[in-house]
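Here the structure comes first, spelled out in structure tokens, and everything after it is commentary.
Sequence lines set the chain letters: A, B, ... in the order given, protein chains first and strands last, and positions in each chain run from 1. This structure is a prediction, so every number in the text was calculated from the model and none was measured.
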Protein chains: 2
Amino acid sequence: MATIKDVAKRAGVSLSTVSRVLNGHPYVADELRSRVLDAIEALNYRPNRVAQRLRAARSHLVGVIFSDVKNPFYTLVLSGIEHILSEQGLSVLISNSNTNQDREDNFTALMLAEEVAGLIVAPVQEDSPVLAEVVQNGLPVAVIDRRMCGLSVDTVLADNQSGACMAIRHLIQLGHRRIAILNGPQRLTSGRERYAGFLQAMGEAGLDIDPGLVWYGDYQMESGYTLTRELLRLPQPPTALFVANNLMTIGVLNAIHEAGCNIPEDLAVIGFDDVPWAVSLNPPLTTVAQPSFEIGVRAARLLLDRIAAPDRPACTTVLQTRLMVRASCGAAGRRHKTQQSERR
Amino acid sequence: MATIKDVAKRAGVSLSTVSRVLNGHPYVADELRSRVLDAIEALNYRPNRVAQRLRAARSHLVGVIFSDVKNPFYTLVLSGIEHILSEQGLSVLISNSNTNQDREDNFTALMLAEEVAGLIVAPVQEDSPVLAEVVQNGLPVAVIDRRMCGLSVDTVLADNQSGACMAIRHLIQLGHRRIAILNGPQRLTSGRERYAGFLQAMGEAGLDIDPGLVWYGDYQMESGYTLTRELLRLPQPPTALFVANNLMTIGVLNAIHEAGCNIPEDLAVIGFDDVPWAVSLNPPLTTVAQPSFEIGVRAARLLLDRIAAPDRPACTTVLQTRLMVRASCGAAGRRHKTQQSERR
DNA sequence: ATGCGATCTGAAAACGTTTTCATATATTAT
DNA sequence: ATAATATATGAAAACGTTTTCAGATCGCAT
């Protein structure tokens with residue numbers, strides 16, 4: 001690999017001059033500049049980012065810590081983030097906390113050790129001393145999908161409560177009264193807010209909450225599967241089920257199908273977070289769609305913004321959700337033929 | 001952030017001594033060692049990886065370049081990679097070429113500039129001068145999911161031909177004769193190998209290939225959708241369709257459902273690459289499953305291995321696929337109740 | 001002629017590590 | 001006692017950049 005030294009030697013100038021043309025500084029004579037440019041070309045020189053970062057504290061890396069890379073939601077968020085950051089020549093250092101606080105803490109420290117320009121994180125729980133310290137120390141941070149408590153930091157997420165509320169209202173409107181909820185973890189604001197939406201809609205309709213129909217999962221497929229198997233064995237099962245995320249919904253559907261139940265006749269299902277294959281499920285799944293890609297885009301922009309203006313007050317962006325009405329709650333009469341084109 | 005200098009000062013020793021205890025060198029007196037350790041603890045010191053990388057050419061970063069992060073296949077591969085690498089204290093710098101050779105080349109250069117310890121890449125096409133040069137220069141590289149031509153590099157992929165062959169045999173066995181294929185791009189070995197499997201099975205059965213039933217997509221949902229719409233309008237449509245990847249399959253199913261066709265009565269469908277929600281599709285989708293996670297694991301191991309032994313000859317690992325028989329080809333009589341537990 | 005900005009350029013310091021080299025002390029063998 | 005080794009430590013160089021500092025050259029007004 002050629003270094004700046006090689007370039008300088010070949011162009012017959014000093015290191016400083018090479019560095020100056022590299023960084024577009026003024027006061028470089030045209031002749032030298034072109035000699036340097038030629039040398040760079042000839043040697044196929046690319047500046048070493050590690051050295052740049054060490055010296056200049058100018059970093060081209062942004063750290064991303066997700067709680068579960070396997071979730072298609074985060075994959076889309078990542079696309080959004082990358083879309084914006086790569087425009088600015090920034091790249092992404094990604095890691096997966098796997099909903100483990102220790103891993104999250106380690107990765108956070110690692111991001112610091114890598115001198116990232118900023119951090120985008122979906123935290124494992126709502127208070128994190130490690131993250132708090134990092135923010136305090138002035139590292140630009142954007143939090144996605146959930147809120148931190150007692151920490152003033154840029155945040156972007158979907159309107160979980162109103163999304164969940166929409167979902168439950170939809171069920172109620174279709175005549176459902178015994179409505180079960182498969183909640184996410186209540187240590188996360190997303191879990192609590194979706195539950196709050198459930199309570200809100202039930203309250204509006206004057207429906208009592210049956211504690212036996214309030215279940216808690218962990219946002220993974222497996223918990224959707226096992227809890228649904230139990231749910232189906234209830235002496236007096238619900239007529240509808242609201243599932244608080246996409247991964248659990250997959251498990252839920254698999255369990256229902258395995259049990260030979262019919263959706264929506266035996267049990268209506270509505271899921272939080274849309275997926276592209278929802279139309280082709282049996283039956284097409286009604287969901288609350290989050291603008292996942294857009295969440296990534298906003299988070300990245302917010303981060304860039306903060307890197308540029310570190311002292312601006314923190315802000316929270318809440319994006320609206322959309323109800324995607326399909327057949328799994330009994331809304332559309334016919335099974336498949338009815339949908340509009342929904343390939344995107 | 002505390003530096004090694006601060007630690008040295010606080011412990012009353014030289015930089016070298018601190019570095020030595022940090023790296024577990026012999027010949028450090030117990031007393032000094034514990035003083036240093038105390039200082040590290042007290043200052044909450046973490047070595048700066050950027051400086052480490054610059055000086056020691058010892059890197060804790062591995063670059064990963066995928067051609068499409070949104071594909072759940074790669075997400076699983078990534079989990080496998082991360083699983084192995086994080087055991088070794090290595091982290092992953094990820095980027096997304098989006099099936100664009102220029103982007104792939106840029107990212108490759110960037111990985112070099114970041115001084116990664118190695119590179120895992122799903123290349124956009126089978127010959128890449130940039131990648132070839134990098135390999136020649138001795139950077140450890142592992143290629144996944146497709147082969148490079150004329151480049152001796154560690155590779156790990158699924159047995160595409162035998163997988164596709166299995167799929168077609170299955171269709172033939174169920175009585176299908178007019179079998180269509182929605183191929184992947186033929187510039188990729190995965191595309192060609194899956195096509196070869198199709199040809200092989202058709203040949204074995206003595207069936208002619210109808211050129212009008214050989215279609216080409218780009219491994220994206222959209223192409224599956226649009227091409228299927230055309231396919232369904234054929235004067236003499238096929239009775240079965242083999243789709244060469246998971247994303248296209250989603251588009252295919254969406255188009256079929258939108259058209260109001262029944263699977264498998266009007267058209268049988270079999271997909272390459274299994275997905276967790278296959279059981280809950282309408283009808284449950286028969287697929288050829290690749291060991292995605294395992295591909296990631298193997299690639300990571302191969303890379304570690306090469307980092308340790310740079311001169312070992314290159315090797316290619318081909319992993320077996322599995323036929324997941326469900327209802328979408330007419331195999332299982334009943335629709336849903338029949339499956340075993342398939343949640344994982 | 002002299003002084004003074006403006007325009008250029010290179011030497012050297014700095015970033016935070018690791019590693020080489022030199023040196024000092026303690027231990028063992030002659 | 002002396003030499004030879006093993007153990008322990010610090011000073012300084014090195015990694016590849018950017019940036020500060022000090023000069024050098026030039027044009028131009030005094």
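- With salt bridges taken as basic N to acidic carboxylate O contacts below 4.0 Å, one links A:Glu114 and B:Arg53.
- Counting non-hydrogen atoms under 4.0 angstrom, B:Val28 reaches the backbone sugars and phosphates but no base.
- Counting heavy atoms from C-beta outward, B:Val62 and B:Leu119 have side chains that stay 4.5 Å or more apart.
- A search for side chain to side chain contact (heavy atoms under 4.5 Å, CB included) contacts involving B:Arg147 returns B:Leu157, B:Thr189, B:Glu193, B:Thr316, B:Val318, not counting sequence neighbours.
- Comparing the start and finish of the helix from C:dA1-D:dT30 to C:dT30-D:dA1, five pairs each, the helix axis swings through 60°, to the nearest 10 degrees.
- As judged by a 4.0 angstrom heavy-atom cut-off over every strand, A:Thr3 is placed among residues touching the sugar-phosphate backbone only.
- Residue-level contact check: B:Val13 touches the backbone only, with heavy atoms under 4.0 Å from sugar-phosphate atoms and none from bases.
- Base engagement by B:Ser19 is indicated by at least one non-hydrogen atom pair under 4.0 Å involving a base atom.
- At a threshold of 4.0 Å, the pair A:Asp38-A:Arg10 does not count as salt-bridged, since none of the basic side-chain nitrogens sits closer than that to a carboxylate oxygen.
- Ionic pairing of B:Arg46 and A:Glu115 is not present here: no N-O contact between side-chain nitrogen and carboxylate oxygen is shorter than 4.0 angstrom.
- No contact: B:Arg53 has no heavy atom under 4.0 Å from any strand.
- First and last contacts of DNA chain C with chain A, using any nucleotide atom under 4.0 Å from a protein heavy atom and ordered 5' to 3', fall at C:dT7 to C:dG16.
- Taking the ring pair (Phe, Tyr, Trp, His ring centres under 6.0 Å) definition, one finds that B:Tyr74 meets it with B:Phe66, sequence neighbours left out.
- Each ring pair (Phe, Tyr, Trp, His ring centres under 6.0 Å) pair with one or both residues in residues 10-60 of chain B, not counting sequence neighbours, would appear here, but there are none.
- Separation of atoms CG (B:Asn100) and CG (B:Asn96) is listed at 10.0 Å; rounding is to 0.5 Å.
- The 5' end of DNA chain D is approached more closely, in terms of each residue's nearest nucleotide, by A:Asn48 than by the other of A:Arg20 and A:Asn48.
- Across all strands, A:Leu15 comes closer than 4.0 Å to base atoms (heavy-atom distances).
- Within the structure, ring pair (Phe, Tyr, Trp, His ring centres under 6.0 Å) pairs that include any residue of residues 78-115 of chain A comprise A:His83-A:Phe293 (at least two apart or interchain).
- Between B:Thr17 and D:dG10, a side-chain N or O to OP1/OP2 separation shorter than 4.0 Å is present.
- When the nearest nucleotides of DNA chain C are assigned to B:His25 and B:Leu54 by heavy-atom distance, the more 5′-ward of the two goes with B:Leu54.
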